[in-house]
Amino acid sequence: MTDEAPATTTKSMDDIMSLCKRRGFVYPASEIYGGINGFWDYGPLGAQLKKNLRDAWWTDVVMRGCNGKLGPDGKPVEIVPVDTCIIQNPKVWEASGHVAGFNDPMVDDKETKQRFRADHLFGMYLVRPEEGESVDQGVARLIKIINEQPFELPYGPNLSCVASNEEEAFGAFRAAMHRIKQDITRVPDAAVATSFTAETRKGEECFGVCYQVPMSFMKAHPTWIPSPFNKPDKAAALELDNRKSDSQLTEPRAFNLMFKTYIGATATEDDVAYLRPETAQGIFVNFKNVVDTTRVGVPFGIAQTGKSFRNEVTPRNFTFRSREFEQMEIEFFCHPDDAKDWYVFWRDWRMEWWQGLGLKGENLILREHDSDELAHYAKEGAGTSDIEYRFPFTAPGFGELEGIAHRTDFDLKQHEEHARAKLKYFDSTRGELAKNGQPKGEHYLPHVIEPSGGLDRGVLAILCEAYTVDESRPSPEFMKFHPRVAPIKAAVFPLVKKDGMPEKAQELHSELRQKFGHLGAIEYDEKQSIGKRYARMDEAGTPYCFTIDGDSLTDGTVTVRDRDTGEQQRMPMAGVAAFLGEKLGV
RNA sequence: GCGGGUGUAGCUCAGUGGUAGAGCGUCACGUUGCCAACGUGAAUGUCGUCGGUUCGAAUCCGAUCACCCGCUCCA
C-alpha cells in the first residue's frame, strides 16, 4: 500500500449508498413494495449523471470518432450508430451461443461450494482386464458399462475433473496412476473419450477410459461421482471395477441467465423470445445492412448504447451487478491482418477516455487477460483487456468497467452459418493490382475489436471516485464530479433574499439555463443561509456557484465559487456564460 | 444456490412485552451581508411484509422479501 491508498480505501460504500439515496441519485427499484432483487432506479440527479456519461461516450466515440485521434492506419476513425431491439429473433441467440451457454446445466459441489458445467465433467473409469481380453475388448466393455449400466449397480468413475476436452482431463488424471502405458487412443465412435492401459499404484494392470460423464448418470446418481475437486494424488490407491463415491454433488440443474418472454398473446413454447443479454448481437446482425446502405468501409465501427438483461445468480454490490443494465458497445470491423493494431489502439484509447472523465490514478487499471480466462471466441485473438476500477467493495481488488476483446470473426461466422447469409466484406482497396493499376479487391470476413463498456458501472465508478470526505470543510461530504458529467452544472444564488438580489439572480439563472440547459441542470436557490446553499450544491457535486451580492447591483459583478477549493473570484455578470462554457468544455 | 449479518421518519440511529423517539435533513414564517448561522412553527412511520404466541408485539416465534459481507456464479 502506498501513502495515497488510505484516501481511497477509507471511502465507505454504505456512506456512498446513503448519499445516493438521500440526494436522489439511485433508489432501489419498486422500493415501496419492498424492492426487487437486482434492479435499481435512478433518481433526478442520477438520471442526469447517467445521461451525461452516455452523451460523453456518444459524442467522443461516435460523433467525434475517438475525439479525432487517428487510427493505426493514420486515418480518422469512422464509427456509425445504430439502435437495435432488445428482443430479436431467438435464432440470434442460438447463433451467438447464448441459448446453449446460458442453458448449460450446472452441477454444484455442496462440500466445496464450487459450481461447474455438467458437460465439462470428465471421469476416469478403470476396469480389471478379463482373461485373454485385448485392450480393445476391455475398453469396449468399459464403455458399455458406462453407457448402459443398470443404475442399481454402483459403477461411477474412479476420479473426475472439470475440463474442456479429454486431453486436458487425461492430463489431470495421470497423477493418480503409477504408470501409463503407451497405447493411449481415441475411442472410436465415442465423441469425447481417450482409452489407455495402466498400472495402478498398487501395481495392478488395468484398462482405463477418460470419458465425459454421461448426463443420465449425473442425474441418476450424482453422489456416486467423486468430486472433481478431490486432488488425484490423494486418491492414490484406486480400487478397480465396481465402486462408488460418497460425494456432495448435486444433479445438473439449468441456470438460464437469459430472461425469457413470449411473443403474442398465446404464450406457448413456440412463442419464446429472450431479452438480449448483450447489445453486441444487434450490431452483428445489422452488419450487412450498414455496409449496404451507408458509405462506410472497413475499417469502421458500429456503436450503440442500450439496456441488456441477465438473470444473474447473485446480483451484488449496489448497481455493479444488476439484472437490468445499460451497455455502451462498439463493434469495430477490420481486416484480420490489422486486428492486432486496432486492438491495441482501442485498448489504449478507451483507457484514456475513462481517465479523461476523472477516473484517474491508481483506482483505474488496464488489465490484460491471462490466456486461461479468455472467452472461447477470443482464444485465437490478439487478446482481451479489462479496464477496471477499484470500487470500495472490491478494494484492494478491482471490478470491470469495460472489456476490450478481439472477437476474431467468430460472431459474423456464426451468423453466416446460422442465418445462411453472406456476410463477407468485399474490400476494393485490397488484393493484387490489375492491369489498369486498380486493386482487384478481396473478399473476407472482418475481424472485430469490441470495446464493451458498462454504463451503470461507469456511473457507479464516477460516484465512488467523486465521493470525497474532507473534515476540514464546512461541508465535509461532497461529490467531486468532473464538470462534464456533473448533473447540476451551476447554481445561481442571491446572497440574501432582498434588495433586488433575487431578481438579478433569476435573470442570470434564466440566461445560463437557456445556454447550458441541454448539458445539465442550472439551479436557483434563495432559501436559507448562503453557507447551507453552498453545502447542498457540494453534496450534489455542482462545480460552480454564482452569487449575486450588493456589489452586483452597483458594478454588475458576481462571485463564482469553486466547489473543490471553496475559493471565490469576482467577474462581470456578462462574462459568466463564457466562463462556464469554457469550464464545461463547450 | 449456501453460510453469516441487517431491516424503526428522507438520512444516521436509540428504543428488548405496556401511548413511536432523537439528531441531521425537508417545508413555512421571521431574520440575514459569503461557507451546513439563529428564532418560531410544521409535516413525515401499517417499526420491511405476512402469519403466530399474548389481555397487549417494533420487541418473542415462524415464514417471506430486500440489502450488506463471505462463498458460488459472472461470453
Side-chain angles (χ1 to χ4, degrees), chain A residues 12-15 17-24 27-40 43 93 96-98 100-102 104 106-117 248 250 253 255 257-258 277-278 280-281 308 310-318 320-321 323 369 373-379 384 392-393 399-400 403 405 407 410-411 414 450 452 472-478 493-499 501 526-539 545-553 558-563 565-568 570:
Chain A
S12 136
M13 204 56 216
D14 285 347
D15 291 344
M17 287 171 70
S18 161
L19 184 140
C20 282
K21 174 74 194 300
R22 178 156 37 91
R23 295 311 308 253
Y27 310 125
S30 315
E31 194 183 12
I32 61 169
Y33 287 100
I36 175 165
N37 197 354
F39 298 88
W40 300 87
W93 310 113
S96 68
H98 286 90
F102 279 77
D104 283 334
M106 307 291 284
V107 174
D108 285 341
D109 182 346
K110 287 188 269 189
E111 217 161 1
T112 64
K113 311 280 184 202
Q114 302 202 66
R115 175 178 295 164
F116 52 90
R117 277 175 60 163
Q248 294 287 305
T250 64
R253 295 172 292 181
F255 290 87
L257 293 197
M258 275 200 294
E278 62 176 32
Q281 298 304 325
S308 292
R310 287 183 202 172
N311 220 338
E312 296 287 354
V313 177
T314 312
R316 200 49 81 79
N317 289 329
F318 201 31
F320 183 77
R321 179 169 297 131
R323 290 185 162 133
H369 278 207
E373 56 178 328
L374 291 178
H376 59 89
Y377 55 74
K379 296 264 190 219
T384 297
F393 49 80
E400 182 183 345
R407 293 179 73 119
F410 175 79
D411 302 274
Q414 288 293 111
E450 177 193 74
S452 169
S472 70
R473 290 167 62 106
S475 52
E477 212 178 24
F478 72 111
F493 304 142
L495 180 59
V496 288
K497 195 170 45 175
K498 62 179 188 186
D499 298 340
M501 291 182 211
E526 58 179 29
K527 306 283 174 66
Q528 299 171 316
S529 75
I530 190 73
K532 182 171 278 194
R533 283 177 270 160
Y534 286 148
R536 275 200 279 247
M537 284 300 123
D538 282 350
E539 245 188 6
C545 295
F546 300 97
T547 302
I548 306 296
D549 57 20
D551 293 344
S552 309
L553 305 172
V558 302
T559 62
V560 56
R561 171 186 179 273
D562 183 282
R563 176 197 62 205
T565 62
E567 280 167 13
Q568 286 177 273
R570 289 204 83 82

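First the proteins, then the strands, lettered A, B, ... as listed; each starts at 1. Below, all heavy atoms of this structure are taken into account, side chains as well, without hydrogens, waters or symmetry copies. Everything numeric in this text was worked out from a predicted model, so none of it was measured.
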- request: Applying side chain to side chain contact (heavy atoms under 4.5 Å, CB included), run through R533(A) and T547(A) and close with a yes or a no.
  value: CA-CA 11 Å; R533(A) 283 177 270 160; T547(A) 302; over 6 Å; no
Distance check needed: [N] [atom2] versus [X] [atom1], whole Å only.
| X | N | atom1 | atom2 | value |
| --- | --- | --- | --- | --- |
| D15(A) | C68(B) | CG | P | 15 Å |
| M17(A) | C69(B) | CE | P | 8 Å |
| L19(A) | C11(B) | CG | P | 12 Å |
| Q281(A) | A75(B) | CD | C1' | 10 Å |
| R321(A) | U72(B) | CZ | P | 12 Å |
| Y27(A) | C67(B) | OH | P | 18 Å |
| R316(A) | C2(B) | CZ | P | 13 Å |

If [N] has a Watson-Crick or G-U wobble mate with both distances under 3.5 Å, name it; if not, just say none.
| N | value |
| --- | --- |
| G39(B) | C29(B) |
| G10(B) | C24(B) |
| A58(B) | none |
| U64(B) | G48(B) |
| C2(B) | G70(B) |

What interatomic distance, in whole Å, is found between [atom1] of [M] and the corresponding atom of [N]?
| N | M | atom1 | value |
| --- | --- | --- | --- |
| U59(B) | A14(B) | C1' | 13 Å |
| U32(B) | A20(B) | P | 42 Å |
| C68(B) | G25(B) | C1' | 24 Å |
| A36(B) | G45(B) | P | 31 Å |
| G5(B) | C73(B) | P | 24 Å |
| A66(B) | C50(B) | P | 16 Å |
| A9(B) | A58(B) | P | 14 Å |
| G18(B) | G23(B) | C1' | 27 Å |

- request: With sequence neighbours left out, write down each residue that passes salt bridge (Lys or Arg N to Asp or Glu O under 4.0 Å) with R563(A), or none if nothing qualifies.
  value: none
- prompt: What residues form a salt bridge (Lys or Arg N to Asp or Glu O under 4.0 Å) with E400(A), not counting sequence neighbours?
  reply: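 For E400(A), no residue satisfies salt bridge (Lys or Arg N to Asp or Glu O under 4.0 Å) once neighbours in sequence are set aside.
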- prompt: Would you call R310(A) and E278(A) a side-chain contact if the rule is heavy atoms closer than 4.5 Å?
  reply: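 In short, these two side chains touch, coming nearer than 4.5 Å.
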query: With a 4.5 Å limit on heavy-atom distance, are the side chains of K21(A) and Y27(A) in contact?
result: yes
- request: Spell out protein contact along nucleotides 27-46 of chain B as letters: B when the base is contacted, S when just the sugar-phosphate is, - when no protein heavy atom is under 4.0 Å; keep the 5' to 3' order.
  value: -S---BBBBBB---------
When you check the phosphate oxygens OP1 and OP2 of [N], does a side-chain N or O of [X] lie under 4.0 Å from one of them?
| X | N | answer |
| --- | --- | --- |
| N317(A) | C69(B) | yes |
| N37(A) | C65(B) | no |
| K21(A) | C11(B) | yes |

task: Establish, from distance only, whether the side-chain atoms of S96(A) and Q281(A) form a donor-acceptor pair under 3.5 Å.
output: no
- prompt: Just by distance, with hydrogens left out, do D549(A) and S552(A) show a side-chain donor and acceptor under 3.5 Å apart?
  reply: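 The criterion, which ignores hydrogens and geometry beyond distance, is satisfied for S552(A) and D549(A).
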- line: Heavy-atom nearest nucleotide on RNA chain B taken for F318(A) and for E278(A); more 5' hit belongs to F318(A)
query: Would you call the rings of W40(A) and F318(A) parallel, tilted or perpendicular if under 30° counts as parallel and over 60° as perpendicular?
result: perpendicular
query: Do side-chain atoms of R323(A) reach the backbone of N37(A) as a donor and acceptor pair under 3.5 angstrom?
result: yes
query: Just checking F393(A): base, sugar-phosphate only, or nothing, at a heavy-atom cut-off of under 4.0 Å?
result: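 Sugar-phosphate, no base atom in range.
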query: Hey, does G38(A) reach any base, or is it just sugar-phosphate, or nothing, if we go heavy atoms under 4.0 Å?
result: sugar-phosphate
